Structure formats: structure tokens, C-alpha cells
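Report on the structure given below.
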Amino acid sequence: MPSQSRRASFPKVVIERDADSEESSSEEEVEDDDVQTEEEEEEVAEEPENVVKVEVVSGSKKRERAPITISLKKVCKVCKKTGHEAGFKGATYIDCPMKPCFLCKMPGHTTMTCPHRVATEYGVIPAPHKSTYNSLNYIFARQLRPNIPRIKPAFVIPDQVNCAVIRYHSRRVTCLEFHPTNNNILLSGDKKGQLGVWDFGKVYEKTVYGNVHGCILNNMKFNPTNDGAIYSASSDGTISCTDLETGISLSLMNLNPDGWQGPSSWRMLYGLAINTEKSLVLVADNFGYLYVVDVRSNNKLGDSILIHKKGSKVVGLQCNPVQPDLLLSCGNDHFARIWDMRRLEAGSSLYNLSHKRVVNSAYFSPHSGSKILTTSQDNRLRVWDSIFGELDSPSREIVHSHDFNRHLTPFRAEWDPKDPSESLVVIGRYISENYNGAALHPIDFIDISTGQLVAEVMDSNITTISPVNKLHPREDVLATGSSRSLFIWKPKENFEIEQPRDEKKIILCGKAEKKLKKKLEGDSDDDFDDDAFSSKGKKPKTKKPYSKSILCKSKSKC
DNA sequence: AGGCCATGAAGCC
DNA sequence: TGGCTTCCCTGGCC
């Protein structure tokens, strides 16, 4: 932001006094810049809530004087100090300059001027071969490189909403999974423990199974030997195996057989992984322990093993796609850890990948299994280029806004399983951007080999944050879970061949559905699409995206 | 429209 | 270690 406009947003203190009052008191610590000029007096009149009346007593003379009115026009909501203001200005959020940068967490600047915001790859450590430049590299670069085609294929970005189910779940979506063989089936878990099965090819074929878990469905994975069943781990302390046709669940393990005995004993399951070679389901809890279940016998194998700091949540588990005995875990003790499943015991991890904050997710790359990608609450994606190489520090750290944990499902950067170069990942963005007057939260596609932002996708009608994203294993399709709704994105070119843009397939659920039905009964001219997308029906009646005034009304906190 | 609340980590003592 | 406060660009409901 130019310094001019930033200065203009700074607050002003006004001192008003009666005409007969004498010279100003020296006790008032008001900078010249902050004294309101006459032209701005009208503005003050509009904001009477900020007016503070102060009795000024000069020296020992306790003379009756008219009260001096000080208008504290702007008080920062973040640091509670005057002299500046933080919050929305239209669709743009202004940071508190007294706090470290909201994006990169470094002091001295705000998000607006953060170098990571200007260039997403700022500060990314270059690949090692670039820093060891020798004559051979020189010859290669000059003579050979121009003849070598780009190894990386062009990324295909699903950037248009193709279909959606609005308010499908009764609570926010926590995880998504594509069916391993049926290209059009998307599974979704929610905070209530329910499981959604949606055929987005047929659009209207959708079910939500309500009795899968008692509370948050944290993670799920398909049964590798039966793609009609899915395993899920929940904060109710159970692992369920649910039949997708009937919705009937079988409980594999229950960590709270005696029910609620207080928070200190209630165990919740977060991470879930499957070792296909050994037919094992692995889960981890909120106290740092790992449990192994043999799915052939449904028996728990051995004792639970402490794999993270005692008492800390283990939020992610994954078996290496090439070498299933390699296990990757991550959790709230700020570590991602690599284990050899053949000798699993407390403290026996092969490597500990340290982070500055909680680690939301850690994944091996989908094909070679040799890279590791983590998402941490310190607003950084970390990449380790090879698990066979140096693991003491990550190969790359990419600053990206995703540090919101409370109230939202944690953000997790997900690999594109179709990318042979294992460099494209998708992750939702927390911080909003101003898109033609609308504050939207895009979904980012990042090339983790360079840190560059390949694409940011958004729809003017999706105003909620989209922390849950999954790329299709075979098709150019992105699935998004945003609040209680699901969205399917496809590339624009495919989309236009398939159907015209105004024939989006949108389904409404719950109250929104009832509201629409009522509306349609009363007024058949109502535009379906407009209301279908809008969660609160606050959209303007025009076909255009949000007008600034509408957005300011609903979003601005000025 | 405004208030409330679910909810969780970090930091302090 | 444990209890308390703070954080303060959420989303949904009443």
C-alpha cells in the first residue's frame, strides 16, 4: 500500500472546546498530525459513539471550565491503542502495525507490504544445484538446456465451479476422499461425525449417513481390498468401517468403552493410515499414542505406542506409497516423524522433522514416496526433496496464509496425484483478497519445487473459507469443502464444452432448500442459481458478483 | 443487526 | 504442571 493511503487511514483525535475557552492545555498529548482539521468535522458528527468528554484542569487553579470533547476517532481493535486502526476497509483488511506481519510472522511490516505477499516464492531456498554452479553446469546451461523440453508438464487447473451441494452437511466439512474406482463419487466427513456420499456425476444422488460417529470424523481412508467400504477415525474414540451402500458401520475399536469420564480420560482419534501389505489400520489419538488394528481379524495388535509428546494430539498418519513400512506422523508437538513399522516403539523414530508450530499435515509424495510435504500453523509449507537425503532441515519453506486453527478445519496442503513431477499441491488460503470489491478466500495451487503460486481459484459466490481440498486421482477435478458445503471444480475449457456456464448444477440442502421452495412457490421468476450459491441470500439481485456496498454491509467491520 | 458461542493453541505465572 | 487469559480477516444461529 502506498504510504499516502496508509497515512490517510490513521486515526485522528479532535479537541473541541467552547468558543470562550482559553488556550489549549499542555497536558494533552496530541500530535499535530492527529488533530482534526475543520474540513473533517462533519465526519466526527457522524461518529458520536467515539466522543469522549474530558474535564481539563489547568494547574492549581480549580476553575470551572467547559468540558473539552476529544473525539477518539480510531482505536485499534487489535492492540487497543489509538493512533491507528486495524480491520476491514471495504474488502481489504488493514493489519495492526504494532503486531508482527500476519502472514510471515516477522516484525517490521504488515501483511500489505510483506515481501511474501508480493512474490509468493520470496525467501524460498533455491534448489541445491543452482548454488553449486561449476563449468559443467555452465556448459549444460548454454548448450544442452535449450534443446531439452520442459520436464514438467503444463499444469491443468480446475478453476470453475461445475457443481455444488450447498449446506449439505449439518456441521462443517472436515475431510474429503474420492472413490478409488468410481470417478464421480466423493465422500465427505463432518464435525458431527456424519459421512456424506455424493455422486457428483448424477449431481442429485447424495446421502448423508448420520450414525457413523458420535462426533468429529477426523480422517478416512478406503478399504484397499473392498472399495465399497471406508475406514474412519473420530473424536468419539472409535474406528468405523462403513458400507457405502447401506451406511451400516462396524466399529473396529473403541477407546472409550466406559463412556464420558471427563476430558482427562476421553480419548479422541485423529490420524488414520492403512498399511495395505500387512492389512493394518493405524490410528493415533490426542494423547500421543498409536494403535494398530489387524483388519482381517479386527483385533488390536499389541499395546499402544507413544509416538509423539505425551498428551499431545497426533493429527496425521500416512504409510509410504512405495515402502508401506515407512510411517509418517505429525502432531501438535511441532514435529513430523518418520518411523519404521517393523520396530515401532516409543522414541524409535528414524527422523524428527521439527517445525515452529503445530503440524496440520505431513504427506509423502504420491508416486515415488520420496518427498515430504508438511503444513504447519506457522504459515509455512515445508518440503523435503528426498527422504534419502539431508533431513535435518527442509529443502524449502514456502510462506502461505493458513494459520487459523480454531473454528475452522485445519488447512492441509494436498499433492496433485496426477502430477508425475510431484510438484503441484493445492491448499486453501485463510487471508482474504479484494477481488473487485469482494473479500474472497482463494484456493491456491503452488509449485513446491519453486514456491511459485501457479493459480488461485475462487468463485464470487463462495464467501466462506475453504480449508478442505482434494484433487482427483485420475481426472482434472478439484473437490472443496467450505463450511458445510461441497464444490466440484473443473477446468474452464472442459467446462465450456460440457455445459454452458449458466447451467451450473447446484443443490440446496436443509433450511436453504426449504427457503428456496417457499420462494419458488410464491414467485416463479426467482433465479435459482443466484440463491443456490448464496448461503445467506444476501446477494444483490443483479447477475454481477457482489457489489461493494453489499459486501461492506456483510463483511466490513469498520 | 447484534450478540453469543463453539472451540484450541500459546503464553504467562 | 495446571490454571487462566488472550488471540481477535470464522460461521451460524437466535
Side-chain angles (χ1 to χ4, degrees), chain A residues 49 75-81 85-103 105 110-112 114 117 166-174 190-193 215-216 218 235 262-264 266 268 270 286-287 308-315 330-335 355-360 376-379 400-411 428-435 438-442 458 462-468 481-485 509-512 514-515 534-538 550-558:
Chain A
E49 73 277 6
V75 177
C76 178
K77 285 178 187 168
V78 178
C79 69
K80 312 284 186 274
K81 285 177 186 160
E85 192 187 32
F88 271 112
K89 282 278 173 206
T92 308
Y93 189 86
I94 309 297
D95 270 6
C96 170
M98 307 301 282
K99 298 275 176 176
C101 171
F102 201 80
L103 178 57
K105 313 296 178 197
T110 62
T111 310
M112 274 299 167
C114 178
R117 187 177 177 122
I166 308 297
R167 298 188 169 211
Y168 180 41
H169 284 272
S170 54
R171 292 289 183 273
R172 64 164 203 251
V173 173
T174 53
D190 72 20
K191 198 170 154 282
K192 215 176 174 184
C215 59
I216 318 177
N218 290 307
S235 291
S264 58
W266 184 262
M268 303 188 258
Y270 285 85
N286 56 326
F287 293 119
H308 278 260
K309 187 182 169 187
K310 199 170 186 178
S312 76
K313 240 192 246 176
V314 184
V315 292
C330 65
N332 284 20
D333 65 350
H334 302 191
F335 278 96
H355 294 70
K356 288 202 179 71
R357 292 279 206 97
V358 165
V359 189
N360 292 350
S376 171
Q377 288 286 23
D378 65 356
N379 262 356
H400 179 263
S401 170
H402 55 250
D403 66 337
F404 207 72
N405 192 19
R406 195 172 52 157
H407 313 308
L408 291 178
T409 304
F411 290 84
R429 198 191 303 173
Y430 168 47
I431 199 166
S432 66
E433 293 286 349
N434 184 345
Y435 295 99
L440 301 176
H441 307 267
M458 81 289 297
I462 307 175
T463 54
T464 48
I465 296 168
S466 307
V468 192
S482 188
S483 187
R484 294 148 54 173
S485 306
C509 300
K511 279 183 185 174
K514 285 178 194 166
K515 212 177 168 184
S534 172
S535 59
K536 286 184 180 176
K538 279 188 180 176
I550 290 289
L551 185 98
C552 282
K553 222 176 177 182
S554 60
K555 269 292 208 184
S556 170
K557 293 181 178 175
C558 309

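Here the structure is a predicted model, which is why all the values come from computation and not from measurement. We name chains A, B, ... by the order of the sequence lines, and we start the count at 1 in each one.
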- Task: Figure out the NE2/C1' separation between A/H441 and C/dC9, and round it to whole Å.
- Result: 7 Å
- Item | Partner nucleotide of C/dT1 by Watson-Crick or wobble geometry (both distances under 3.5 Å) | none
- Note on the structure: d(A/N434 CG, A/Y93 OH) to nearest 0.5 Å is 15.0 Å
- Task: Please state how far atom CZ in A/R172 lies from atom P in B/dC5, giving the value in whole angstrom units.
- Result: 18 Å
- Find the distance A/K310:NZ to C/dG2:P and express it as a whole number of Å. 12 Å
- Atom pair distance, as rounded to whole Å: NZ in A/K313 and P in B/dG8: 5 Å
- How far does the C1' atom of C/dC9 sit from the matching atom of B/dG11, given to the nearest Å? 22 Å
- When you get a sec, tell me which of C/dG11, C/dC7, C/dC9 is the closest nucleotide to the side chain of A/I431? C/dC9
- Query: So what does A/I465 touch, heavy atoms closer than 4.0 Å: a base, only the sugar-phosphate, or nothing?
  - Reply: sugar-phosphate
- Query: Under 30°, 30 to 60°, or over 60°: which ring-plane class applies to A/H402 and A/F411, parallel, tilted or perpendicular?
  - Reply: tilted
- Item | DNA chain C: 5'-proximal contact among A/S170 and A/H407 (nearest heavy atom) | A/H407
- Message: Taking any heavy-atom pair under 4.0 Å as a contact, classify A/R484: base, sugar-phosphate, or nothing.
- Response: sugar-phosphate
- Message: Keeping A/D95 on the side-chain end and A/T110 on the backbone end, is there a donor-acceptor pair under 3.5 Å?
- Response: no
- Rounding to a whole Å, what distance do you find between A/E433:CD and C/dC9:C1'? 11 Å
- Query: B/dG8, C/dC9, B/dA10: which one has an atom nearest the side-chain heavy atoms of A/H334?
  - Reply: B/dA10
- Task: Answer yes or no: is there an ion pair linking A/K105 with A/D403, defined by an N-O contact shorter than 4.0 Å?
- Result: yes
- Message: Under 4.0 Å, heavy atoms only, any strand: does A/S432 hit a base, just the sugar-phosphate, or nothing?
- Response: base
- Note on the structure: Per atom distances to the A/T464 side chain, the nearest of C/dG11, B/dG8, C/dC9 is C/dG11
- Message: When you measure from the side-chain N and O atoms of A/N332 to the phosphate of B/dA9, is any distance below 4.0 Å, counting only OP1 and OP2?
- Response: yes
- Item | Rounded interatomic separation in angstrom, taking CZ from A/F411 and P from B/dA9 | 16 Å
- Message: Rounded to whole Å, how long is the line connecting atom CD of A/Q377 with atom C1' of B/dT7?
- Response: 13 Å
- Item | Spacing between A/K105 atom NZ and B/dA10 atom P, to the nearest angstrom | 12 Å
- Task: Name the nucleic acid region contacted by A/F102, choosing base, sugar-phosphate or nothing; use a 4.0 angstrom heavy-atom cut-off, strictly under.
- Result: base
- Message: Does a side-chain N or O of A/R167 approach OP1 or OP2 of C/dC13 to a distance below 4.0 Å, or not?
- Response: yes
- Task: Answer yes if the side chains of A/T464 and A/S482 hold a donor-acceptor pair under 3.5 Å, and no otherwise.
- Result: yes
- Query: Does any non-hydrogen side-chain atom of A/S432 lie less than 4.5 Å from one of A/F88?
  - Reply: yes
- Assign A/K191 to base, sugar-phosphate, or nothing according to its heavy-atom contacts below 4.0 angstrom with the strands shown. sugar-phosphate
- Query: Closest to the A/R406 side chain: C/dT10, C/dC7, C/dG11?
  - Reply: C/dC7
